[in-house]
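For reference, the structure discussed in these notes is given below.
Counting starts at 1 for both ligands and their atoms, in listed order. The figures here come from the full heavy-atom set of this structure, side chains too, leaving out hydrogens, waters and symmetry mates.
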Amino acid sequence: MAVNLLLGLQWGDEGKGKIVDVLTKDYNIIARFQGGPNAGHTLEFDGIKHVLHTIPSGIFHDKAINLVGNGVVIDPVIFKKELDNLGKFNLDYKSKLLISRKAHLILPTHRILDAASEASKGKAKIGSTLKGIGPTYMDKTGRNGIRVGDLELSDWKERYRSLANKHEAMIDFYDAKIEYNLEELESEFFEAIKVLKTLTFIDSEEYLHQAQKEGKTILAEGAQGSLLDIDFGTYPFVTSSNTTAAGACTGLGIAPNKIKDVFGIFKAYTTRVGSGPFPTELFDEDGETMARVGNEFGATTGRPRRCGWLDLVALKYAVQVNGVTKLMMMKGDVLSGFSTLKVCTAYKYQGKAITHLPYNIEPENITPIYTEVKGWAEDLTGMNDASQLPKELNDYISFLEEELETPITIVSVGPDRKQTIYR
Ligand code: IMP
């Protein structure tokens with residue numbers, strides 16, 4: 001049985017959580033493959049808004065098993081808070097939440113290192129969520145990390161101590177001085193570890209191999225977006241994992257030839273939170289309208305998101321890198337009321353028009369070239385069938401499908417599960 005992937009094609013916050021939640025009924029297993037609590041997946045149903053950071057977005061369904069894969073980094077303190085929130089809804093998460101023994105742990109000192117590194121960069125800062133993501137993946141690739149499976153070993157606390165001591169020396173090395181009380185942070189951390197240990201730890205790659213043999217359906221859930229990928233994103237303004245399709249293979253132990261559909265999620269416009277280049281960014285009323293109507297504030301940090309027109313050059317790149325087979329367009333409703341929409345179809349780069357993403361997309365090198373299309377006035381938020389969509393929106397969709405050579409199979413017109421239109 002094949003595995004399908006679902007991932008974001010822009011700079012994150014495309015609405016992956018909502019779509020995973022909507023699709024979960026068709027899957028036996030939802031498996032998160034990378035990132036950590038830097039993600040904020042928002043789900044809305046029955047008038048309640050839920051935000052998940054590390055736990056896969058299928059957790060609210062009765063049957064699906066939700067797996068936190070080996071490619072994920074887990075902060076036990078944030079994980080415990082997520083569990084506490086689920087507990088408030090009387091959700092029996094223990095029976096359907098599994099954690100890979102190979103997932104790495106975010107230690108309190110990783111978070112402090114993140115803060116010290118960012119503060120010392122001054123204007124060049126990445127705009128990290130400060131959740132300790134970069135330092136934890138550095139310890140993973142540096143072969144120093146502590147994994148979930150280590151918690152079952154008797155000497156893990158000694159390994160913890162030695163790593164934390166090393167981190168403290170590194171924190172001192174930075175010019176920026178960060179105030180912290182390690183004792184307090186550690187007591188919270190060790191309490192949270194106790195809770196984490198009440199969950200089921202597994203050899204997740206083996207579990208997924210068996211599940212495939214038994215014909216189970218698996219949806220691999222990505223976090224962040226393709227333009228934040230450590231290799232293919234707008235480096236160094238990226239996160240520290242592979243957010244693109246290949247990340248699902250390494251982050252879950254799934255072989256590439258087992259992957260069938262790749263669902264690419266994108267917003268009808270573009271947003272970015274944190275620093276880094278953003279060629280179609282708007283600094284005018286149009287951008288403000290998108291931010292206001294789209295409620296563009298980070299689900300993890302609450303920071304306002306930068307907004308701009310859809311960048312087809314970047315989107316095409318993401319479709320190619322990921323091998324997207326089906327597109328899902330989010331927040332179509334936010335564009336209602338714009339008489340004209342702009343879509344960036346090329347960049348002016350070194351005096352020439354180009355249609356691929358070059359090595360360096362800093363604003364001084366790139367001027368977006370726009371194609372204008374007619375907007376629509378209708379409020380889409382009450383629509384639930386493709387036949388109700390206004391002509392101009394259908395034209396916008398057809399234009400994008402043609403440019404991206406990929407069908408758009410879902411159009412989302414609001415945050416609720418019900419506001420989802422299949423095509
Ligand atoms: P980090 O992953 O926290 O180190 O942050 C690196 C960059 O990725 C920053 O620009 C963050 O704002 C951005 N980022 C990380 N996670 C997300 C996400 O889930 N959505 C959007 N941006 C993110």
Side-chain angles (χ1 to χ4, degrees), residues 6-20 32-43 50-57 68 71-75 78 82 104 106-107 109-121 123-141 221-244 247 251 265-267 269-278 281 291 294-308 314 318 330-331 361-362:
L6 184 143
L7 36 80
L9 299 179
Q10 295 158 316
W11 279 288
D13 308 316
E14 296 90 353
K16 296 174 289 292
K18 167 181 167 167
I19 296 296
V20 173
R32 168 89 178 261
F33 62 84
Q34 48 69 230
N38 46 349
H41 291 171
T42 308
L43 288 65
H50 304 268
V51 180
L52 296 168
H53 299 287
T54 327
I55 295 173
S57 306
V68 179
V72 177
V73 290
I74 299 174
D75 183 332
I78 296 177
E82 283 187 70
H104 279 245
I106 302 176
L107 312 187
T109 41
H110 281 133
R111 267 185 275 140
I112 299 158
L113 271 173
D114 210 359
S117 162
E118 280 285 79
S120 69
K121 282 190 166 145
K123 276 194 180 153
K125 71 175 184 178
I126 308 294
S128 157
T129 61
L130 302 180
K131 303 293 176 199
I133 305 297
T136 306
Y137 279 113
M138 277 164 68
D139 271 336
K140 174 178 176 173
T141 51
E221 176 189 22
Q224 289 82 48
S226 300
L227 301 174
L228 289 172
D229 183 279
I230 184 74
D231 283 281
F232 297 107
T234 46
Y235 192 89
F237 301 99
V238 293
T239 191
S240 298
S241 60
N242 282 115
T243 57
T244 47
I265 316 290
F266 72 101
K267 269 182 202 171
Y269 49 101
T270 312
T271 63
R272 173 163 206 172
V273 64
S275 332
F278 178 177
E281 183 169 11
N295 192 24
E296 295 295 356
F297 295 93
T300 296
T301 56
R303 292 180 293 177
R305 297 181 187 137
R306 301 152 66 192
C307 295
M330 312 302 289
K331 290 197 156 180
I361 65 160
E362 291 300 325

Exam field: side chain [X] to backbone [Y], donor-acceptor pair closer than 3.5 Å:
| X | Y | result |
| --- | --- | --- |
| Arg272 | Pro277 | yes |
| Ser275 | Lys125 | yes |
| Tyr137 | Gly35 | yes |
| Gln10 | Lys267 | yes |
| Ser128 | Leu130 | yes |
| Glu221 | Ser57 | yes |

* What's the verdict on side-chain contact (heavy atoms from CB on, under 4.5 Å) for Lys140 and Val73, showing C-alpha distance, side-chain angles and the deciding distance? -> CA-CA 9 Å; Lys140 174 178 176 173; Val73 290; 5.5 Å; no
* To do: Answer with yes or no whether the side chains of Gln34 and Asn242 bring together a donor and an acceptor at under 3.5 Å.
  =>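 Side-chain D/A pair, Asn242 to Gln34: absent.
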* **Distance-only polar pair, side chains of His104 and Asp139, donor-acceptor under 3.5 Å** =>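 No, because no side-chain N or O of His104 sits under 3.5 Å from a partner of the opposite role on Asp139.
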Does ligand 1 have any atom that is closer than 4.0 Å to a heavy atom of [X]?
| X | result |
| --- | --- |
| Arg272 | no |
| Val238 | yes |
| Gly127 | yes |
| Trp11 | yes |

Which residue owns the protein heavy atom closest to [atom], what's the atom, and how far is it?
| atom | answer |
| --- | --- |
| atom 21 (C) of ligand 1 | Asp13 OD2, 3.1 Å |
| atom 3 (O) of ligand 1 | Thr129 OG1, 2.5 Å |
| atom 12 (O) of ligand 1 | Arg303 NH2, 2.9 Å |

Atoms of ligand 1 less than 4.0 Å from [X] heavy atoms?
| X | result |
| --- | --- |
| Val273 | 10 (O), 12 (O), 21 (C), 22 (N) |
| Leu228 | 8 (O), 13 (C), 14 (N), 22 (N), 23 (C) |
| Ala39 | 19 (O) |

* Asked: Can you check side-chain contact (heavy atoms from CB on, under 4.5 Å) on Asp75 and Thr54, steps first, answer last?
  -> CA-CA 9 Å; Asp75 183 332; Thr54 327; over 6 Å; no
So, is [X] polar-close to ligand 1, with some N/O to N/O distance under 3.5 Å?
| X | value |
| --- | --- |
| Asn38 | yes |
| Gln224 | yes |
| Lys131 | no |
| Thr239 | yes |

* Report the member of Pro135, Ser128, Ser275 with the shortest heavy-atom distance to atom 5 (O) of ligand 1. =>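 Nearest option to atom 5 (O) of ligand 1, by heavy atoms: Ser128.
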